[in-house]
Amino acid sequence: MSGKKFTTTSGIEIKEVYCQPSAMNELPGEFPFTRGIQKDMYRGKPWTMRQYAGFSTAEESNKRYHYLLSQGTMGLSVAFDLPTQIGYDSDSEFADGEVGKVGVAIDSLKDIEILFNGIRLKDITTSMTINATASILLAMYIALAKKQGADLKQLSGTIQNDILKEYAARGTYIYPPGPSMRLITDVFEYCSKEVPKWNTISISGYHIREAGSTAVQELAFTLANGKAYLQAALNKGLDINVFAKRLSFFFNCHNNFFEEIAKFRAARRMWAHITKELGATDPGAQKLRFHTQTGGSTLTAQQPMNNIVRVSNQALAAVLGGTQSLHTNGYDEALSLPTEAAAKIALRTQQIIAFESGVTDTVDPMAGSFFIEELTNELEKAAQLYIDKIDVMGGAVKAIEQDYIQQEIARSAYEYQNEIESGERVIVGVNRFVQEEAPAENIFRVDDSIRRTQIDKINALKASRDNKAVQDSLQKLGEAAKGSSNLMPYILTAVENYVTLGEIANALRAVFGEY
């Protein structure tokens, strides 16, 4: 037996051999859903194949959406630029240099109309990676659906709407935690009545992992945030058996194949118990549904074609772990936004797994593996220790305010980087198997001139809209923000009057302040 110690990326020791028979006798589709939330999983239908896209202007992104839909994408996933994410219009001084760079620039309902031109919202599902301004972007989407004549009761999709991980790991927050949580629960309440099939939050471990957490920390901090959202909704008087059905999760998938599979299985089991303990009796409210994206931070600028293999490995782990929806990264994303060719290969990776590999033919094919079963248990135990500690602090909001979660992530990121630099952790093409390379070609670049384009569009909009209606709707929104009314109807009215995203965000800043 080798004297070397083997561990997962979370530090869980891996035994040389696993011989204990599995004690698990659960069935897929039954509490606590370790083996999957549907009894037939992918035998019934494959996961939703999404490709994250959005760049430059709404016109350019619309072309990419039509291309992806023509290639077999089953749902759209919208990336927004940083000004949109933090509530600034493209003409703001704070937007200079960032318009359209990491996603599409959206300043008003006009841009949303262009973004989905020729696409019937009733026929697709759309995931929007948006948090601080999620209520505004959802209102724009609803306004467009109404203009298209769609039945809002049938409209389906997801907004990320997860502000807690922004404070902990990503940074695109606007308001203090209290008002931010109010906006989120207002969305829960509004959608439960008006847009009941919409997933009102995607509780995100993805960005926690991208910030440098381990798999255990991603699992623990994500579920702790989920508990905080459940509690906030309960405090608002909402029925957990109704609103919990519309909560979904967004996980990362990294390279440690078996650890990632076990993480997804543990997440389902833990969430089932969390919701049950908080009063959920409907199985639909106990199920953890999740989207997965392959690990952006695992991609390398060196030897970028190697990333195709990394993404394939991660995508297969997500499928074997039971994901409901999957985005595969383009191999060139460590260099730029993905080119069309890279996006196509990423989508084909999913299609090959779905239709050629055979892994979808049976439910939870990894079940009964001594290694997977014990690793699932170990991940659950390690994550529960973190959750218990956060509970003692008063929950995720308090833990974030005390900087606990941020410090834990920073510590793990530092240790991981040290392992790479010392050579203890091998990254192919980076610290081993290195070779001289020519500069990358065919990099996707966004033209800086698009800010001027967006400013011209804003000026034209402000000249043509009913500015009395604009001022009236902003005044009513501000007054509502000072009280306790649900803000979604006021935001929707403002959006329909072509009030810009920045104007709405500023009206709320005037009441809530900035964090």
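Below, all heavy atoms of this structure are taken into account, side chains as well, without hydrogens, waters or symmetry copies.
- Contact between Asn431 and Ile420 at its shortest, heavy atoms only, is ND2-O, 2.9 Å.
- In this structure, Asp81 contributes its side chain and Thr84 its backbone to a donor-acceptor pair below 3.5 Å.
- Looking at Gln85, its side chain does come within 3.5 Å of a backbone N or O of Phe80 through a donor-acceptor pair.
- The heavy-atom pair separating Ile353 from Ala315 by the smallest distance is CD1-CB, 3.7 Å.
- Defined by atom type and a distance below 3.5 Å, a donor-acceptor pair is missing between the side-chain atoms of Arg265 and Thr34.
- Of the possible donor and acceptor atoms, none in the side chain of Thr222 sits under 3.5 Å from a partner among the backbone N and O of Phe249.
- Within a 6.0 Å radius of NZ in Lys236, more than 12 heavy atoms belonging to other residues, nucleotides or ligands are found.
- When side chains are defined from C-beta on, Asn306 does not count as touching Tyr331, because their heavy atoms never get closer than 4.5 Å.
- The shortest side-chain heavy-atom distance between Ile37 and Arg268 falls under the 4.5 Å cut-off.
- You'll find the side chain of Ser204 reaches within 4.5 Å of the side chain of His207, heavy atoms only.
- In this structure, the side chain of Asn199 does not engage the main chain of Thr158 through any donor-acceptor pair within 3.5 Å.
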(request) With salt bridge (Lys or Arg N to Asp or Glu O under 4.0 Å) as the test, would you mind laying out the steps for Arg411 and Glu415 before giving the verdict? (result) CA-CA 6 Å; Arg411 178 180 56 78; Glu415 291 172 356; 3.4 Å; yes
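- Side-chain atoms of Glu503 come within 3.5 Å of backbone atoms of Thr500 as a donor-acceptor pair (strictly under, hydrogens ignored).
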(request) Evaluate the side-chain hydrogen bond (donor to acceptor under 3.5 Å, both in side chains) criterion for residues Glu210 and Ser297: first the C-alpha distance (whole Å), next the side-chain angles of each, then the deciding distance (0.1 Å), finally the verdict. (result) CA-CA 6 Å; Glu210 290 293 283; Ser297 63; 3.1 Å; yes
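- Residues meeting the salt bridge (charged side-chain N to carboxylate O under 4.0 Å, His left out) test with Glu260, sequence neighbours left out: Arg209, Lys263.
- Atom CD1 of residue Ile112 and atom CD1 of residue Ile142 lie 11.5 Å apart, to the nearest 0.5 angstrom.
- Using modelled atom types, one finds no donor on one side chain facing an acceptor on the other under 3.5 Å when comparing Gln38 with Lys287.
- Considering only residues two or more places apart in sequence or on other chains, Thr298 meets the side-chain contact (heavy atoms from CB on, under 4.5 Å) condition with His254, Asn255, Gln314.
- Of all the heavy atoms in Val397 and Pro177, the pair that sits closest is CG1-CB, 4.3 Å.
- By the side-chain hydrogen bond (donor to acceptor under 3.5 Å, both in side chains) test, Gln384 pairs with Asp388, sequence neighbours left out.
- Applying the side-chain hydrogen bond (donor to acceptor under 3.5 Å, both in side chains) rule to Asp107 yields the partners Ser90, Gln454; only residues at least two apart in sequence or on another chain are considered.
- Defined by atom type and a distance below 3.5 Å, a donor-acceptor pair is present between the side-chain atoms of Thr172 and Glu166.
- Remark: Lys63 engages Glu60 in a salt bridge (charged side-chain N to carboxylate O under 4.0 Å, His left out) (not counting sequence neighbours).
- No donor-acceptor pair under 3.5 Å is formed between the side chain of Ser92 and the backbone N or O of Tyr88.
- Classified by interplanar angle (parallel below 30°, tilted 30° to 60°, perpendicular above 60°), the ring pair Tyr515/Tyr167 is perpendicular.
- In the model, Gln293 has no side-chain atom that pairs as donor or acceptor with a side-chain atom of Asn252 under 3.5 Å.
- When all heavy atoms of Val102 and Ala79 are compared, the closest pair comes out as O-CB, 3.9 Å.
- Remark: side-chain polar atoms of Asp186 are paired, donor with acceptor, to backbone N or O of Leu487 under 3.5 angstrom.
- Applying the side-chain hydrogen bond (donor to acceptor under 3.5 Å, both in side chains) rule to Glu421 yields the partners Gln417; only residues at least two apart in sequence or on another chain are considered.
- Aromatic ring pairs are classed by plane angle as parallel below 30°, tilted from 30° to 60° and perpendicular above 60°; the pair Tyr404 and Tyr386 is tilted.
- With respect to Phe290, the ring pair (Phe, Tyr, Trp, His ring centres under 6.0 Å) criterion is satisfied by exactly one of Phe33, Phe264, Phe250, Tyr206: Phe264.
- There is a side-chain donor-acceptor pair under 3.5 Å between Gln350 and Thr328.
- Between Thr300 and the options Val428, Asn307, Leu335, a side chain to side chain contact (heavy atoms under 4.5 Å, CB included) holds for only Asn307.
- For the residue pair Ser213 and Glu408, no side-chain donor N or O sits within less than 3.5 Å of a side-chain acceptor on the partner.
- Figure legend: cation-pi geometry between Arg509 and Tyr173 absent, as NZ or CZ is not positioned both under 6.0 Å from the six-membered ring centre and within 45° of its axis.
- Side-chain atoms of Glu259 and Ile14, non-hydrogen and from C-beta on, never get closer than 4.5 Å to each other.
- Remark: the Gln217 side chain and the Ser10 side chain contain no N/O donor-acceptor pair separated by less than 3.5 Å.
- The heavy-atom pair separating Gln406 from Ala399 by the smallest distance is OE1-O, 4.2 Å.
- Side-chain atoms of Arg246 do not come within 3.5 Å of backbone N or O of Cys191 as any donor-acceptor pair.
- A donor-acceptor contact closer than 3.5 angstrom links the side chains of Arg50 and Thr125.
- In this structure, Thr323 contributes its side chain and Leu326 its backbone to no donor-acceptor pair below 3.5 Å.
- One N or O on the side chain of Ser422 and one on the backbone of Glu419 form a donor-acceptor pair closer than 3.5 Å.
- Looking only at side-chain heavy atoms (C-beta outward), Lys101 and Ile450 stay at 4.5 Å or farther from each other.
- Across all their heavy atoms, Arg289 and Leu247 have their closest contact at NH2-O, 2.8 Å.
- Put simply, the side chain of Lys227 reaches to within 4.5 Å of the side chain of Asp391, judged on heavy atoms.
- Here the CD1 atom belonging to Ile12 is positioned 14.5 Å from the CZ atom belonging to Phe258, to the nearest 0.5 angstrom.
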